Structures are given as C-alpha cells and as structure tokens.
Amino acid sequence: MTTSMDLRERVAVVTGAASGIGRAIARRLASAGAKVVGCDFDRVATTEAEDAELGIEMHSCDVRQESDICRVVDAAAQHGSVTILVNNAGIGMVKQIDEVTQDDWDRCLDTNLRGAFFGCKHVIPRMRAAGGGSIVNIASNAGLLPRAHDPVYSISKGALVALTRSLALCHSVDRIRVNSICPGPVGDTRMMNADLDKAEDREASIKQFIAASPLARALERMISPAEVAEAALYLVSDAAAMVTGTHIAIDGGKSLGVPPSPGS
Ligand code: NAD
C-alpha cells in the first residue's frame, strides 16, 4: 500500500547534500523511497559511504556553474524522470555593507540564488514532460524578516523566496509546485559550526541563537536538520499536492518578531 508520503519511483536531486540540512533531506527522501542524486562542492567521504547504503548517489558540483547543475540533472535522469529538486546549497555572509567586496556579493548571490534559479531551469522541462514535479528552495528566516548582521545573505534569501513565488505562478499550469522552507537557527551543520567557531565564547553564542527563537528558547535547544527534512518530505510528497508558492518557517517562531523576555 502506498501512502501520500511514499516517494518510491521518484527521482530527486538535492544540492549541498554532503552535510547539515541537505544531507538530512537527502537521507529522509531516500528513506521514503526516492532515488536521490545529491551533489556538493565539498564532499565528505565517510558520511558519503553511509549515505550510499540508502542508495544516495553523490556528484561533485559547484551550483554557481550552470554546466555543473545541468550535468547533475542529466545524471539523475539516468534513473528515471526527475520530479523532485531541493535547492539547498548555500553559504552565509556575516558582513556589514562597508566590508562587503564585489567578490563577497557574487559568491553569496551566485550560490544562494543563481544556483537555485539554474537548478530550476534544468529540471522544469523534465518535470513538465513527466506531468509535474516539486521544487523546494531552502531559504531562511532571513528571507522573511531583515536581520542586523548579514544584509547580503538576507538579500539572497529574500530573493529566493521571491523566486519561489514567481516560478510557482509560472509553472502551476505544468503541475509543478514550488515552495520554500525558511529555517533557523539549525544546529549541527557546517554553516552553524563555522559561525560558532568564530565566536569568542561558543556556549554564549549558542545561547544567543536559542534565545532569538521563541520555541528554541522554550525547548532549550536549536532546531535539528532532521526537523527541516520532515518539512521537505511533506512539500515534495503528494500530501502537499495543493501547496505551491508558499513557505514553511521551521524557525521556532523566530520570524514572528522579538521573543518575549523571560518572565514577561
Ligand atoms: P552546511 O554548510 O552544512 O551545508 C551547505 C552545503 O552546501 C555544504 O555541504 C556546502 O559544501 C554546500 N555548498 C556550498 N556552496 C556550494 C556550491 N557552490 N556548490 C555546491 N555545494 C555548495 O550548512 P546548512 O546550515 O546545512 O545550510 C544548508 C542551507 O540551509 C543553506 O542554504 C543555508 O543558507 C540554509 N539555512 C541554514 C540555517 C542554519 O541555521 N544552519 C538557517 C537558515 C537557512
């Protein structure tokens, strides 16, 4: 018997699948039955061997290069119609405007936005030919509300949410659904660890991330990559057949605004 979250017979491409949220999504979709083709700039041999046990096939790819994305989509199509794409590859950029170089701008926007756009470009014709598909863009709570510490990153993620809505409207006629997930703060990822490694006091920094999100504060922990992966599974599955152009904020309520101070 199949359920609405059964992904057997589906072929999925997941970018940035070597670590963190992307790896959790690749593993969750593979556990639900999908043939997952992952790609990453910076591959990790040890975890890749574990992931291969779930049938996850990894490719080297720089999502900033259209030809790389096209090659990965072509490789995935060897397994059947590609009807799922998760644009997850991304980088952070904690800099104020006066410190931002043109290279910083290009690296951040090219990875977080252009990579996703060209991923969509190369799967949409295949999804159309297959009678439909589902694209999930991993944006951020930074795409929903401005933050004081990372304007370039926030711009990239805000634009990714706009891209989601635009393509959802353009391609509903093709039965292609396009949604985004806006997480934050997610622990146990390379991006988060890189931020924490730069902090003078790692424990204090973890507490600050938790304090900025009402539910993370109440539960006294960060969000896990697996919790974001559950939302991705829902969005790519038939359970979300009527869901398009929207976002799910897996941010413990962070995008609601300033959390109440303790005791108030
Ligand atoms: P991560 O660093 O563990 O994962 C990102 C992956 O993308 C890495 O494996 C990296 O090698 C890969 N990547 C980077 N540039 C690439 C490129 N040019 N081509 C191919 N792969 C590339 O970090 P994460 O936290 O799991 O981030 C995943 C996504 O989630 C990102 O888009 C990030 O912006 C978003 N996000 C993360 C958080 C968080 O708190 N961790 C919050 C909101 C949104």
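The structure displayed is predicted, hence computed values, not measured ones. Whatever order the structure lists ligands and atoms in, that order sets their numbers, starting from 1.
In terms of protein heavy-atom proximity, atom 43 (C) of ligand 1 is closest to P183 O, 3.0 Å. With respect to atom 25 (O) of ligand 1, the closest heavy atom belonging to the protein is T189 OG1, 2.8 Å. At the shortest separation from atom 5 (C) of ligand 1 among protein heavy atoms lies G90 O, 3.9 Å. At the shortest separation from atom 28 (C) of ligand 1 among protein heavy atoms lies N88 OD1, 3.2 Å. Counting only heavy atoms of the protein, atom 41 (N) of ligand 1 lies nearest to V186 O, 3.3 Å. When only non-hydrogen protein atoms are considered, atom 1 (P) of ligand 1 lies nearest to S19 OG, 3.5 Å. The protein non-hydrogen atom at the shortest distance from atom 23 (O) of ligand 1 is M191 CB, 3.3 Å. With respect to atom 15 (N) of ligand 1, the closest heavy atom belonging to the protein is T111 CG2, 3.5 Å.
Remark: ligand 1 atoms within the under-4.0 Å shell around heavy atoms of G16 are 6 (C), 7 (O), 12 (C). The ligand atoms of ligand 1 that sit less than 4.0 angstrom from a heavy atom of R64 are 18 (N). The contact set between ligand 1 and C61, taken as ligand atoms under 4.0 Å from a residue heavy atom, comprises 19 (N), 20 (C). Counting atoms of ligand 1 from 1 in the listed order, those under 4.0 Å from a heavy atom of G20 are 3 (O), 26 (O). Each of the following atoms of ligand 1 lies closer than 4.0 Å to a heavy atom of I138: 29 (C), 30 (O), 32 (O), 35 (C). The D62 neighbourhood of ligand 1 comprises atoms 17 (C), 18 (N), 19 (N), with distances under 4.0 Å to a heavy atom of that residue. Of all the atoms in ligand 1, the ones that sit under 4.0 Å from a non-hydrogen atom of D42 are 11 (O). Proximity to P185 (heavy-atom distance under 4.0 Å) selects the following atoms of ligand 1: 40 (O).
The residue among A139, S213, S140 with a heavy atom at the shortest distance from atom 35 (C) of ligand 1 is A139.
Taking only nitrogen or oxygen atoms, main chain and side chain alike, I21 reaches within less than 3.5 Å of ligand 1. Looking at F41 next to ligand 1, an N or O pair under 3.5 Å apart turns up. Residue N141 places no N or O, backbone or side chain, under 3.5 Å from any N or O of ligand 1. Between M192 and ligand 1, a contact under 3.5 Å exists for no N or O pair. Checking only distances, I91 never comes within under 3.5 Å of ligand 1, N or O to N or O.
Atoms OG and CZ, on S140 and R147 in that order, are 4.5 Å from each other to the nearest 0.5 Å. Rounded to the nearest 0.5 Å, atoms CD1 (I25) and CD1 (I84) are 11.5 Å apart.
Within a 6.0 Å radius of CZ in R165, other residues, nucleotides and ligands contribute 12 heavy atoms or fewer. Counting non-hydrogen atoms of neighbouring residues, nucleotides and ligands closer than 6.0 angstrom, the CZ atom of R175 reaches no more than 12 such neighbours. Counted within 6.0 Å of CG on D174, heavy atoms from surrounding residues, nucleotides or ligands total more than 12; the atom is thus considered enclosed. Dense packing is recorded around CD of E99, with more than 12 heavy atoms of other residues, nucleotides or ligands lying under 6.0 Å away. By the neighbour-count criterion of 12 heavy atoms within 6.0 Å, atom CD of Q96 is densely surrounded, having more than that number from other residues, nucleotides or ligands.
Heavy-atom distances between G187 and ligand 1 stay at or above 4.0 Å for every pair. For R23, the closest heavy-atom approach to ligand 1 does not fall below 4.0 Å. Residue contact check for ligand 1: T15 places no non-hydrogen atom closer than 4.0 Å to it. At least one heavy atom of Y153 sits less than 4.0 Å from an atom of ligand 1.
Of the charged side-chain nitrogens involved, at least one lies within less than 4.0 Å of a carboxylate oxygen, so that D74 and R126 count as a salt-bridged pair. Contact check on D104 versus R107 returns a salt bridge, with a Lys/Arg side-chain nitrogen under 4.0 Å from an Asp/Glu carboxylate oxygen.
Side-chain N/O atoms of N88 and R23 include no donor and acceptor closer than 3.5 Å.
In this structure, the side chains of D197 and R202 come closer than 4.5 Å at one or more pairs of heavy atoms. Within the 4.5 Å cutoff, the side chain of L160 has no heavy atoms near those of the N112 side chain. The shortest side-chain heavy-atom distance between E66 and R114 does not fall under the 4.5 Å cut-off. Two residues are said to be in side-chain contact when any heavy atoms from C-beta on lie closer than 4.5 Å; V37 and E57 meet this criterion.
Of all non-hydrogen atoms in G115 and N87, the two that sit nearest each other are O-OD1, 4.3 Å.
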